[in-house]
Amino acid sequence: MAEAPPPNAVPPRSSRSGLYIYRGSVAAAALALAIGSVASAMTGVFRGTNALAALRISPKDPVALAREIDNSLLMDGETTLKSGRIGPVARQSLEGTALNPEAVRLLAIDAGLRNDAGRSAALLRLAERLSRRDLGTQLLLIEEQVAADDVPGTLAHYDKVLRASPQSRAWLFSTLGEAASDPAMAAEIARMLRRDPPWLGEFIDWTIFEAAKVDNLGGVFAVVPPTAPRTWTDDRKRALIGKFAGSQPGAAFRLYRLYAGDMGDLVRDGAFEHASLYPPISWETGGGSDVEASLGQSGAEFGASNGGLGKVLSQMLALAPAKYVLTVRMRHDVADPAAAPQWSLACVGTGAPIAKLAAGPASDKLAESRLSFEVPAGCGFQWLRLELHSVESVSGQHGTVERVRIDAVR
């Protein structure tokens with residue numbers, strides 16, 4: 001069996017793509033070796049929790065014998081590997097149950113300790129044929145594939161573990177997320193996800209709700225078309241776009257194109273003709289204090305109560321550096337011009353302001369306002385927002401936006 005590289009070792013160029021998977025699998029292997037199925041009766045219950053207790057009840061129980069070695073590897077791997085017990089206990093286990101994948105896997109480890117690589121590899125293959133659900137076998141096969149710099153082969157065994165062991169998914173998902181920082185590995189992970197494995201929905205949920213860092217995954221999801229409706233629900237697609245919009249706006253726009261198709265005008269659905277499925281690339285409502293907005297065929301209705309203020313309508317844009325004209329058709333009932341609703345444009349990330357456009361005078365009739373502005377270099381993505389000022393009024397403030405349009409200056 002291949003040994004883990006020293007912590008500071010620089011891997012050969014050919015093995016870089018498998019390095020993260022290798023580290024993750026080796027670090028997790030001992031944990032996985034201790035996970036097993038719970039058999040029936042008292043001995044079976046103890047097998048899942050305490051192999052020594054099971055052996056006290058049934059000293060020759062074949063599964064408990066193998067499990068006790070697994071537990072020893074988990075608790076004190078170096079001592080167990082040097083003890084000389086692995087081979088004899090594995091053979092004793094096989095005497096009780098010949099078709100015992102855990103024992104065959106232990107024989108493979110013993111062969112590896114004796115520098116018999118061919119026998120070790122053959123025994124691992126036999127253990128896998130006996131049961132693809134034995135996590136220890138799959139993790140050792142992962143190690144073998146990484147040592148051979150076989151990225152597809154490594155991920156094939158990852159897929160088997162993820163299918164067979166739901167309890168192992170969280171830490172394996174984390175390893176995949178780290179591995180995706182390597183372009184070659186990211187491409188293979190995307191290829192695996194495009195096959196719609198049964199754990200894909202859980203991986204999407206992990207990315208949305210649990211992943212501490214998702215920078216490596218935006219490019220992966222951007223090349224995975226949503227195929228199975230049960231997996232790719234609108235809620236999941238919406239949440240993925242929202243997750244990446246903050247740190248990877250480029251990936252969020254690529255996901256929007258994948259899910260919604262043509263980007264259309266520079267402002268998406270500027271006439272508010274469709275439901276906003278994928279904010280903030282499409283319209284996002286609310287965000288301020290005591291403000292609200294609703295989208296419908298008559299436009300975007302907005303308002304505020306209790307002196308509410310802040311963002312009430314927003315959309316992320318991807319305007320190239322150039323000159324543009326913003327045109328807005330709307331109405332509102334704020335009498336004080338200084339407190340009128342205001343449109344703003346700012347760079348995503350830095351928050352650097354680009355331009356502001358105050359709505360026209362209060363009226364119950366729709367009116368058009370225009371603003372010329374220029375997107376500077378280095379401002380790849382922009383926020384377009386409608387913001388409300390606090391108004392001291394018992395009835396609050398209300399308004400309607402019928403249309404928002406941005407045109408490039410030719």
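When reading the values below, keep in mind they use all heavy atoms of this one structure, side chains included, and skip hydrogens, waters and symmetry mates. Residue numbers start at 1 and run along the sequence shown.
- Using a distance-only test at 3.5 Å, with no hydrogens or angles considered, no donor-acceptor pair links the side chain of Thr400 to the main chain of Met330.
- By the neighbour-count criterion of 12 heavy atoms within 6.0 Å, atom CZ of Arg163 is densely surrounded, having more than that number from other residues, nucleotides or ligands.
- Here the side chain of Arg268 pairs a donor or acceptor atom with the backbone of Met316 at under 3.5 angstrom.
- Side-chain contact annotation: Ser294 with Glu301, donor-acceptor N/O pair under 3.5 Å absent.
- No more than 12 heavy atoms of other residues, nucleotides or ligands sit less than 6.0 Å from atom CD of Glu392.
- The distance from the CG atom of Leu94 to the CD atom of Gln92 is 10.5 Å, given to the nearest 0.5 Å.
- Note: Phe203 and Trp206 have parallel aromatic rings, judged against thresholds of 30 and 60 degrees for the angle between ring planes.
- Side-chain atoms of His332 come within 3.5 Å of backbone atoms of Gly360 as a donor-acceptor pair (strictly under, hydrogens ignored).
- Side-chain N or O atoms of Asn100 include one that pairs as donor or acceptor with a backbone N or O of Glu102 at under 3.5 Å.
- A 4.5 Å side-chain heavy-atom check between Phe244 and Asp215 finds every atom pair outside the cut-off.
- Side-chain contact between Val325 and Ile406 is absent, with no heavy-atom pair separated by less than 4.5 Å.
- Using a 30° and 60° split on the angle between ring planes, Tyr278 and Tyr256 fall in the perpendicular class, above 60°.
- Smallest separation of non-hydrogen atoms from Val214 and Thr207: CG1-O, 3.7 Å.
- The aromatic rings of Trp232 and Phe221 lie perpendicular to each other, with more than 60° between the two planes, well past the 30° mark.
- In the model, Ser305 has no side-chain atom that pairs as donor or acceptor with a side-chain atom of Asp290 under 3.5 Å.
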Query raised in the report: Should Phe272 and Leu313 be marked as a side-chain contact (heavy atoms from CB on, under 4.5 Å) after you check the CA-CA gap, both sets of side-chain angles, and the distance that decides it?
Result: CA-CA 12 Å; Phe272 305 99; Leu313 200 61; 4.1 Å; yes

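- Side-chain N or O atoms of His398 include none that pairs as donor or acceptor with a backbone N or O of Gly303 at under 3.5 Å.
- Nearest heavy atoms, Val223 versus Arg194: O-NH1, 3.0 Å.
- Residues Leu81 and Ile109 have side chains in contact (heavy-atom distance under 4.5 Å, counting atoms from C-beta outward).
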Query raised in the report: So Phe381 and Leu319, side-chain contact (heavy atoms from CB on, under 4.5 Å) or not? Walk me through it.
Result: CA-CA 6 Å; Phe381 302 91; Leu319 304 177; over 6 Å; no

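- Pairing each heavy atom of Pro341 with each of Leu386, the nearest pair is CB-CD1, 3.9 Å.
- The shortest side-chain heavy-atom distance between Ile354 and Cys347 falls under the 4.5 Å cut-off.
- Using a 4.0 Å cut-off between a side-chain N of Lys or Arg and a carboxylate O of Asp or Glu, Asp407 and Arg405 qualify as a salt bridge.
- Between the CG atom of Leu217 and the CD1 atom of Ile189 there is a distance of 7.5 Å, given to the nearest 0.5 Å.
- A salt bridge links Glu368 with Arg403: the distance from a Lys NZ or Arg NE/NH1/NH2 to an Asp or Glu carboxylate oxygen falls below 4.0 Å.
- Taking CH2 from Trp283 and OG1 from Thr285, the interatomic distance works out to 11.5 Å, rounded to the nearest 0.5 Å.
- Counting only distance, with no hydrogens or angles, the side chain of Asp182 and the backbone of Ala184 share a donor-acceptor pair below 3.5 Å.
- Here the closest non-hydrogen pair linking Leu155 and Met185 is CD1-SD, 4.1 Å.
- Residues Leu106 and Ala90 approach most closely at CB-CB, 3.8 Å, considering heavy atoms.
- Using a distance-only test at 3.5 Å, with no hydrogens or angles considered, no donor-acceptor pair links the side chain of Gln342 to the main chain of Leu388.
- When all heavy atoms of Pro279 and Glu284 are compared, the pair lying nearest together is CB-CB, 3.7 Å.
- For Ser344 and Glu387, the side-chain atoms include at least one donor-acceptor pair closer than 3.5 Å.
- A donor-acceptor contact shorter than 3.5 Å links the side chain of Asn216 to the backbone of Gly177.
- Under 4.0 Å is where a charged nitrogen must lie from a carboxylate oxygen, and between Glu78 and Lys82 at least one such pair does.
- Side chain of Ser282 to backbone of Ser276: no donor-acceptor contact under 3.5 angstrom is found.
- Judged by distance alone, the side chain of Arg329 and the main-chain N or O of Ser369 form no donor-acceptor pair under 3.5 Å.
- Annotation: the span from Leu255 atom CG to Ile281 atom CD1 amounts to 9.0 Å, rounded to 0.5 Å.
- Proximity of Arg105 to Leu124: side-chain heavy atoms (C-beta onward) are separated by under 4.5 Å at one or more points.
- Side-chain contact between Phe173 and Leu162 is present, with at least one heavy-atom pair separated by less than 4.5 Å.
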Requested in this report: Test side-chain contact (heavy atoms from CB on, under 4.5 Å) on Leu326 and Val404 and set out the steps.
Outcome: CA-CA 7 Å; Leu326 168 65; Val404 180; 4.0 Å; yes

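- Between Tyr259 atom OH and Arg254 atom CZ the span is 11.0 Å, to the nearest 0.5 Å.
- At least one side-chain heavy atom of Leu172 sits under 4.5 Å from a side-chain heavy atom of Val161.
- Contact of the Arg236 side chain with the Thr233 side chain is registered, since non-hydrogen atoms from C-beta on lie closer than 4.5 Å.
- Ser131 contributes atom OG, which lies 11.5 Å from atom CG of Leu126 (distance to the nearest 0.5 angstrom).
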Report task. Verify side-chain contact (heavy atoms from CB on, under 4.5 Å) between Leu371 and Trp343, making sure each step is shown before the conclusion. Result -> CA-CA 10 Å; Leu371 171 72; Trp343 291 89; over 6 Å; no

